[in-house]
Amino acid sequence: MGIIESFLDTMADLASQSGVAGFFADGGWKNIIMILISFLFMYLAIAKGFEPLLLLPISFGMLLTNLPFAEMYHPEYWEYLENVPERTGELNSHFIDYSRILQHGGLLDILYMGVKLQIYPPLIFLGIGAMTDFGPLIANPKSFLLGAAAQGGIFFTFIGAALLNMSAAECGSIAIIGGADGPTAIYVSSKLLSKTDTIGVGTIALAAYTYMALVPIIQPPIMRALTTKKERSVVMGQLRSVSKIEKLIFPILVTVIISLMVPSAAPLVGMLMFGNLLKESGCCDRIAKTAQNELMNIITIFLGVSVGATTRADKILTLSFGKVILLGVIAFSIGTACGILLGKLMYVISKGKINPLIGSAGVSAVPMAARVSQKVGQEEVPTNYLLMHAMGPNVAGVIGSAVAAGVLLSIVQV
Amino acid sequence: MTDLLNKAPELMLKGTDSNLDGGTIASVVITGVVVVFIALILLILFVSIYGKSFDSINKKKDAKAKAEAEAKLIEASKGAAVPEAKVAVNEPPVVEDGISDETVAVIAAAIAAMGAASGKKLALRSVRTAKGARSAWASAGIAENTRPF
């Protein structure tokens, strides 16, 4: 009899410590919803091909973090503490006890350090730089203007977030979604957001990548609404060929100018341009290929799965998340509209030589936004190839959103 | 630019600040848009300037090459050079002693394949050992150090 009782007690203990019991604990139902959402994202990534390289790691991180008692990620370790270091004697209200994380953290805590210490986004930019051809932008430098205009979405959304009484850090983090650049959004939000804010980095990243995946759905209606058939039918002339020396000077020039103007943008722009210099130099093929492939893939896995881990039910299923989703789509739409409107202005100034559709590519979702310009342009004139023309504003948008991020980080102090 | 931002304390916000007033919001938006545009317009200027200068250098080079080609064509049209050129194309390559016919055949085949692919008519003029070639031991060392791991 004693053996059976002991067996039953042990089984009861095991059951109470199992993850299943966690679902019945206080707020456990929220975890079930988050797990279902992770399944939905996995379906979208695998079956529908929506940004699978990012959405799949994020959704799996989301699944892992919402399994009760898995202890892979501890949100409480990432809450800011107040500390007065002996060295400075000044109160630091953004103190994170990294030694505790290193000693007791789970795998995803350790990986998340790369996000919190702003290591992954610049490394992703290194890979993007090594894969990007800035030739179309160098051939047509006016494209920079379209890349700048599309950043309008960032700053106009700042207004919307501020009107909803959000904190300056939240306003900056939500607004940067308008840049349609996942690493930049993660970089800014991981620097700005603190424990007093109602949203987390995972929320921002999720919204940013969701909208990037939805570029082909969100942008075309705005593009069609703001342009006439005549404007969409413009066939642009061939771009001039760009010499190797021009391509070599470009990354160095951009790094120096942008880093001197907006030093906060240096980590992102610097690494983007370093990657590009590796590619264009032609003397570092092995390193360039590593940056394009192995390094990029490793960082994408770490970034995706650890950002997914921050999407704990208690952080996501809130009213603030709804606000982020709403403001995010507004930011993205305004960015697209600003690019198109400047494109229209350039169409008028150039006396019909510039197709305004390339303006929407100024949001920096590379190369998806440029492909959308190409696709919408071809709906009017099937033989019109706008892709290379749209790549100019598209890569200018990457630089523009990094500059905008630097401006936000300069204005909003942590 | 950061100095400028620092000198305008009303533009500096604390991350925890909420209930931002209209003036502050407007300053953030105007500053942000203006700084982004200034940065990218500066880049337009620099890229345009060096683009144009390289373009003009390239055009000069092209013009020079074109002039040289025309001069050669005029010389050739005088008569004497044409048969020489034809003979040159058909001349066998100068092969350094010690290089086997098999090696020459392989190199010639590779060049012919390249020419066929690019649509250009290529000719093998000479085959010689590269100067400063590594010794077998040095090559083995480099292969060892650079082998993918």
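Numbered from 1 within each chain, the chains take letters A, B, ... in sequence-line order. The analysis underlying the following values was restricted to heavy atoms, covering all of them including side chains, and did not include hydrogens, waters or symmetry mates.
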*B/S18 side, atom OG; A/D197 side, atom CG - distance, nearest 0.5 Å*: 9.5 Å

_For B/A39 versus A/V403, what's the shortest heavy-atom pair and its separation?_
CB-CG1, 4.1 Å

*Supply the atom-to-atom distance A/I138 CD1 to B/S48 OG, rounded to the nearest 0.5 angstrom.*
11.0 Å

_OG1-CD1 distance between B/T31 and A/I411, expressed to the nearest 0.5 angstrom_ = 5.0 Å

*Check whether A/I249 gets within reach of chain B through its side chain, its backbone, both or neither, counting any heavy atom under 4.5 Å.*
both

*Taking the side chain as every heavy atom from C-beta outward, state whether A/P141 and B/L43 have any pair of such atoms under 4.5 Å apart.*
no

*Heavy-atom closest pair, residues A/A162 and B/L20*: CB-CD1, 4.2 Å

_Please determine whether side chain to side chain contact (heavy atoms under 4.5 Å, CB included) holds for the pair B/D17 and A/S167, giving the CA-CA distance in whole Å, both sets of side-chain angles, and the decisive distance to 0.1 Å._
CA-CA 5 Å; B/D17 288 351; A/S167 70; over 6 Å; no

*Taking side chain as C-beta onward, heavy atoms only, is A/L145 less than 4.5 Å from B/F37?*
yes

*If you round to the nearest 0.5 Å, how far is CD1 of B/I57 from OG of A/S243?*
8.5 Å

*Can you name the residues that form a ring-ring contact (aromatic ring centres under 6.0 Å, His included) with A/F134, not counting sequence neighbours?*
A/F250

*What do you reckon, is CZ of B/F54 surrounded by more than 12 foreign heavy atoms closer than 6.0 Å?*
yes

*Can you tell which part of A/A149 gets under 4.5 Å to a heavy atom of chain B, answering side chain, backbone, both or neither?*
both

*What part of A/E246 gets closer than 4.5 Å to chain B, counting heavy atoms only: side chain, backbone, both or neither?*
both

*asked:* Below 4.5 Å, heavy-atom pairs only: which of B/I30, B/V33, B/D21 has the largest tally toward chain A?
replied: B/V33

*Please look at B/I44 and chain A and tell me whether the side chain, the backbone, both or neither of the residue comes under 4.5 angstrom of a heavy atom of that chain.*
both

*asked:* Can you give me the closest heavy-atom contact between A/G400 and B/L40, atom names plus distance?
replied: CA-CD1, 4.0 Å

_I want to check something: taking the side chain as every heavy atom from C-beta on, are B/V36 and A/F155 in contact at a cut-off of under 4.5 Å?_
yes

_Chi angles and distances behind the side chain to side chain contact (heavy atoms under 4.5 Å, CB included) call for B/V47, A/F144_ = CA-CA 10 Å; B/V47 173; A/F144 270 118; 4.2 Å; yes

*Please assess A/I245 against B/Y50 for the test side chain to side chain contact (heavy atoms under 4.5 Å, CB included), listing each intermediate value before the final yes or no.*
CA-CA 10 Å; A/I245 186 86; B/Y50 87 67; over 6 Å; no

